[in-house]
Amino acid sequence: MRHGFTAIQALALSLALAFLVLPVVAVFLQVSPAAMLTQLGSETATQAIVVSLRTNLVADLIIIAVGTPAAWLLARHRVFPGRRLAVTLLELPLVLPPAVAGIALLVAFGRNGLLGHQLNALGLSIPFTEVAVVLAITFVAGPFYLRQAITAFEAVDPRLVQAAATLGAGPWRTFRAVVLPLALGGLAGGWALAFARGMGEFGATLIFAGSLPGVTQTLPLAIYSEMNRDLDAALAIGGLLIIIATAVLLAVKMIPSWNPTPASSPTSARRFATSSSTSR
Amino acid sequence: MSTLRWARHVTVATAALVMLATAACGPLVGAVQEPTVLAAASLTEVLPAINAAARFSFAGSDTLAFQIQQGAPADVFAAASPKYPQQMFAQGLVAQPRPFAINSLVLIVPRANPARITGLRDLSRDGVRIVLGDQGVPVGDYARQALAALGLSGVLRNVVSLEPDVKGVAAKVALGEADAGFVYATDVRPVRRKVRALRLPAAAQPDVEYQVAVLARAPHPAAARAFVRRLLSPTGRRILVDHGFRVPAG
């Protein structure tokens, strides 16, 4: 009977693998690598590549610059009034449908939106610009980084932070010399996830930023626009996104080895702290 | 023998899942004798008034044509231009297309009209934000045709977004985010409280003809033909006219 159960498990695994891998393989079977390269040289594709990379780069810089200190604060202070509410609100975009994100951004930052008047007064108009694409990506992808960053910082042994303070390091130096190196692997993983989500952003961008080649048309929007005209072009862009996604995934899997010292894991960090305190 | 029980649980659960899935898919493949109609987005309001029981999928005609080429299990294709039905007729994917409605292209601006647009010439002013249908989307192609006829192709540099269907254009103008957009006259009604429509000069007005065809591999051919008959019948024509369309002679 044990064999029968194992067989069912094996069958389930094969089913899952076949179902999840087949569509990805099909993309590459449909278009030859040579045709793919030619297609990726087209104006539509190159413009979309530039728009996607540029907007994601800016969005990721914003996400890391704002997200890192915010996550550190939330990780250091585990109990303060409103902490759970704050974390929940930060996580909301993770579960929000992208179409909701798009229309929400529109009524917040659109010309007739909540901040429309103030933005107009400053001479700013966000919809249909690259700024809108950046905001859409930041909104949907930011929480992926925040969440990972909070976890990564929480895994840093607080005693190490105290020790650093005892030894006279200021909060900035403690963060830079102790916390950041220990959390780096987790932060990088969070960034990779945010980047992958940002590169795939579609719904919020289409609604909030529109779709215009060379301005707001990112790679996923280019697929949607090309699909009806030129399936090969759409598939070539799809292939490119699959390759990028695979690279990101592999990078995430290899993250532990990014760290020069294996002390990044919480257990080894704790061991380090304990041994240093006992060897006194 | 707990593994046996487990295996049995798994089997039962799998069977239940399969049955559920089959039941859920039932109406798509089963005996329900109502056609599935793939229709241009501009027909969103009128077609359910002609047959409320049919299942509709509204999108840009080019998207629908693509879905049919990819084997979508649908019965009827109603497009906002002759282009795709005729193309697919030539490929043997649909039966002979029939014209059934005529529309006109209009320019819409938000009620507040922030860019103060009173005519097509205003569209070439710097900073005016125009949305069009994407290339291949009938409403976008008609708009480009109209602008070319007026010698106003320079307007295209003011385009800020190319939308996948006409409802996308109407929505961006109705929200006041775009200053102007080209839609069909019949698309104005659902957003009439938010937009104003400007008529195009006769010389620039393209022929917007809708065509309908039964798919060659329609799962419900009888229901499909009945749908088309009703669409072309005096009742169908009256409902089209009530919704602001014109109908071809005959």
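A quick note: this is a predicted structure, and the numbers were derived from the prediction, not measured.
For A/Asn56 and A/Ser52, the side-chain atoms include no donor-acceptor pair closer than 3.5 Å. Side-chain N/O atoms of B/Asn103 and B/Tyr210 include a donor and acceptor closer than 3.5 Å. Donor-acceptor pairing under 3.5 Å is recorded for the side chains of B/Gln211 and B/Glu209.
For the set A/Leu221, A/Leu231, A/Thr216, A/Val215, the entry with the most heavy-atom pairs within less than 4.5 Å of chain B is A/Leu231. Of the residues considered (A/Gly210, A/Ala209, A/Ser211), A/Ser211 shows the highest number of contacts with chain B, using heavy-atom pairs under 4.5 Å.
Pairs engaging residues 196-237 of chain A under the ring-ring contact (aromatic ring centres under 6.0 Å, His included) rule: A/Phe202-A/Tyr224 [sequence neighbours left out].
Listed by chain and number, the residues in a side chain to side chain contact (heavy atoms under 4.5 Å, CB included) with A/Val87 are A/Leu74, A/Arg83, A/Glu91 (sequence neighbours excluded).
Remark: B/Arg144 CZ is packed, more than 12 non-hydrogen atoms of other residues, nucleotides or ligands lying under 6.0 Å away. With a 6.0 Å radius and a threshold of 12 heavy atoms from other residues, nucleotides or ligands, B/Arg125 has its CZ atom above the threshold.
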Show the numbers, then the answer: is there a side-chain contact (heavy atoms from CB on, under 4.5 Å) between A/Phe195 and A/Ile244? CA-CA 10 Å; A/Phe195 176 72; A/Ile244 294 175; 3.9 Å; yes
Show your reasoning for whether side-chain contact (heavy atoms from CB on, under 4.5 Å) applies to A/Leu57 and A/Thr55. CA-CA 5 Å; A/Leu57 186 73; A/Thr55 50; over 6 Å; no
For a side-chain contact (heavy atoms from CB on, under 4.5 Å) check, start with the C-alpha distance between B/Ser57 and B/Leu64, then their side-chain angles and the critical distance, and finish with the verdict. CA-CA 9 Å; B/Ser57 169; B/Leu64 299 171; 4.3 Å; yes
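The parts of B/Gln135 that come within reach of chain A are both its backbone and its side chain, each placing non-hydrogen atoms under 4.5 angstrom from that chain. In this structure, chain A has a heavy atom under 4.5 Å from the side chain of B/Pro114, while its backbone stays farther away. Both the backbone and the side chain of B/Leu175 come within contact range of chain A, with heavy atoms under 4.5 Å apart. At a 4.5 Å heavy-atom cutoff, the contact between A/Ile207 and chain B is made by backbone atoms alone. With a 4.5 angstrom heavy-atom cutoff, B/Ala178 touches chain A via backbone and side-chain atoms both.
The residue from B/Arg217, B/Met88, B/Gln87 that alone fulfils the side-chain contact (heavy atoms from CB on, under 4.5 Å) condition with B/Leu93 is B/Met88. Between A/Ile237 and the options A/Ile242, A/Leu219, A/Asp232, a side-chain contact (heavy atoms from CB on, under 4.5 Å) holds for only A/Leu219.
With salt bridges taken as basic N to acidic carboxylate O contacts below 4.0 Å, none links B/Lys172 and B/Asp179.
Proximity to chain A at a heavy-atom threshold of 4.5 Å picks out B/Val159, B/Val160, B/Ser161, B/Leu162, B/Glu163, B/Pro164 from residues 149-168 of chain B, in numerical order. Residues of residues 113-147 of chain A lying within less than 4.5 angstrom of chain B, judged on heavy atoms, are A/Ser125, A/Pro127, A/Phe128 in numerical order.
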